[in-house]
Amino acid sequence: MGEAAISISCPCDAAAGGVLNVDEARQRLYALLTPASATESLPLAEAAGRIVAKPLHASCPMPFFDNSAMDGFAVSLADFENGPPHALPISGAVAAGDHGAPALAPGACMRIFTGAPIPLNADAVVPFEQTAEEQGCAAFFKAPRPGAHIRRAGCDIARDDVLVAPGTRMSGRYAGLLAANGHLSVTVYRQPRIGVFSTGDELVAGSGERRAFELHDANRPMLLMMLQEMGCAPVDLGILPDDPFETRQFLHRHAGDFDLLISSGAVSVGGRDFLKGAFSSAGGVIDSWKVALKPGKPVMFGRIDKTAFLGLPGNPMAAWIGFQLFGRMAVERLSGRATQPVEPVRAITEGVIRHRLGRREYVPVRIVSHTHRGQPLLARIGHGGSASLYPLCFADGVAIIEATTGDAEAGEELDFLPFVQGVLE
Ligand SMILES: Nc1nc2c(c(=O)[nH]1)N[C@H]1C(S)=C(S)[C@@H](COP(=O)(O)OP(=O)(O)OC[C@H]3O[C@@H](n4cnc5c(N)ncnc54)[C@H](O)[C@@H]3O)O[C@H]1N2
Ligand code: MOO
């Protein structure tokens, strides 16, 4: 096909003359995505971060058997009826892992260790600290309660209780629970196949030498890492030159290999922003490409065959925001994970944050202190540009200024999305 056959204009231009707001754009992207369905069974050790597809039930009640919660003496309450003082000869010992079925003789006690099976006829355990030992006998300071320090079989989990539900993201605590119940593997959704590429003649790959007016590719390493952080194994598809034909061929070649392709750059309106044209001529159907968002207005998404496509803007801060709002949701849907809207907290801006009506803006901010009511007091970092990741890297989070409001005045309340590192999971 000749050059003239590739249209630079986009078939959705007329329809999508309107700009979508962020929520509408998210809904449309969501509808484009086919939720995860293929599954695989994985050993627990290989399932970190994967999404459970089938529930797993307890095959046995837990604990498996009555056992001691303390190091001490197993006793029978019948031997405490005539006292105090209470003293009983020590007739033996039982430890965790002992295989015989121990039995407590009448009028005696047995040394017992944490996790050991409760001997037949014993109905309480007295911790060593509440006893004194002398000449083969244990003296007890007081009579125990019935069942004291005994973990009863089945008291935590009944047979068939759900241990992990579909949609659960596998993490250490679930691996521990499943392993404790004897499960060696778990059925999870297959990981979505995700390819990431950058576009632009001005980009040099990471190890390449940079010539005048060239840039290092920031977006690809950033997006690949964000996907890895979500438990994905994305494929690095490199950098595409600003060439519509190559782009079309590339899309032809790769569309069938992936569930989701994520690109950055070439989605704006200039003559070199050829992605929309190349995408259409490769058989792609564009759904939307303009969102009332700052940074990140040009965000293109659509489908090419069965592959969903997310074209993020080239400016790195805009690509970062675009991934947070659209990429994350797409990956969650394709991996079987419930979409988890991140809830903002209310905070106060210390100074004025200038904002023009029309686009919802995400502003890197740091927390300078807290108000007397405990709300974070925020200061903007940077000048609001979308080309630099520098402010973001020294921010404590991003503040949100809605499309329908103007400047945020000093002392005004606004939504704030804090970065949360090392969250419990
Ligand atoms: N006439 C208009 N021009 C622009 C508009 C507009 O509405 N009308 N929108 C602006 C906005 S907003 C954005 S955001 C950018 C988005 O542009 P593209 O997605 O087409 O991206 P490029 O033009 O390819 O690149 C923009 C900028 O980012 C640099 N870049 C690109 N890729 C990378 C990368 N992987 N790593 C680091 N830096 C990258 C590129 O060199 C450019 O400087 O368009 C505005 N223009
Ligand atoms: O979406 Mo662009 O960021 O605002 O530069």
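Start at 1 and go down the list; that is how both ligands and their atoms are numbered. Computation of the quantities below employed the complete heavy-atom set of this structure, encompassing side-chain atoms and omitting hydrogens, waters and symmetry-equivalent molecules.
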Among all protein heavy atoms, pick the one closest to [atom] and tell me residue, atom and distance.
| atom | result |
| --- | --- |
| atom 45 (C) of ligand 1 | Ser268 OG, 4.0 Å |
| atom 8 (N) of ligand 1 | Val269 CG2, 3.3 Å |
| atom 34 (C) of ligand 1 | Asn219 ND2, 3.3 Å |
| atom 35 (N) of ligand 1 | Asp217 OD1, 2.8 Å |
| atom 22 (P) of ligand 1 | Ala266 N, 3.8 Å |
| atom 15 (C) of ligand 1 | Asn315 ND2, 3.6 Å |

Original post:
Any N/O of Asn315 closer than 3.5 Å to an N/O of ligand 2?
Top reply: yes

Subject >> Asp71 versus Thr114, side-chain donor and acceptor atoms under 3.5 Å >> reply: yes

Subject >> Pair Glu413-Gln375, side-chain donor/acceptor within less than 3.5 Å >> reply: yes

**OP:** Determine whether the side chain, the backbone, both or neither of Ala318 has a heavy atom under 4.0 Å from any heavy atom of ligand 2.
**Re:** side chain

Subject >> Part of Arg359 with heavy atoms under 4.0 Å of ligand 2, whether side chain, backbone, both or neither >> reply: side chain

Does ligand 1 have any atom sitting under 4.0 Å from a heavy atom of [X]?
| X | value |
| --- | --- |
| Gly200 | no |
| Arg220 | no |
| Pro316 | yes |
| Pro298 | yes |
| His216 | yes |

Evaluate [X] for polar contact with ligand 1, using N/O atom pairs at a separation under 3.5 Å.
| X | answer |
| --- | --- |
| Pro313 | no |
| Ser386 | no |
| Arg359 | no |
| Val267 | yes |

Ligand 2 contacted by [X] (non-hydrogen, < 4.0 Å):
| X | answer |
| --- | --- |
| Met317 | no |
| Gly385 | no |
| Gly296 | yes |

Subject >> Stacked cation flag Arg333 on Tyr30, 6.0 angstrom / 45 deg >> reply: yes

Original post:
How about Phe301 and Phe309: are their ring centres within less than 6.0 Å of each other?
Top reply: no

Original post:
Would you call Lys54 and Glu40 a salt bridge, using N to O less than 4.0 angstrom?
Top reply: no

Original post:
Nearest to atom 21 (O) of ligand 1 by heavy atom, Ser198, Gly296, Ser263, Gly314: which?
Top reply: Gly314

Subject >> Numbered atoms of ligand 2 (with element) below 4.0 Å of Ser386, judged on heavy atoms >> reply: 2 (Mo), 3 (O), 5 (O)

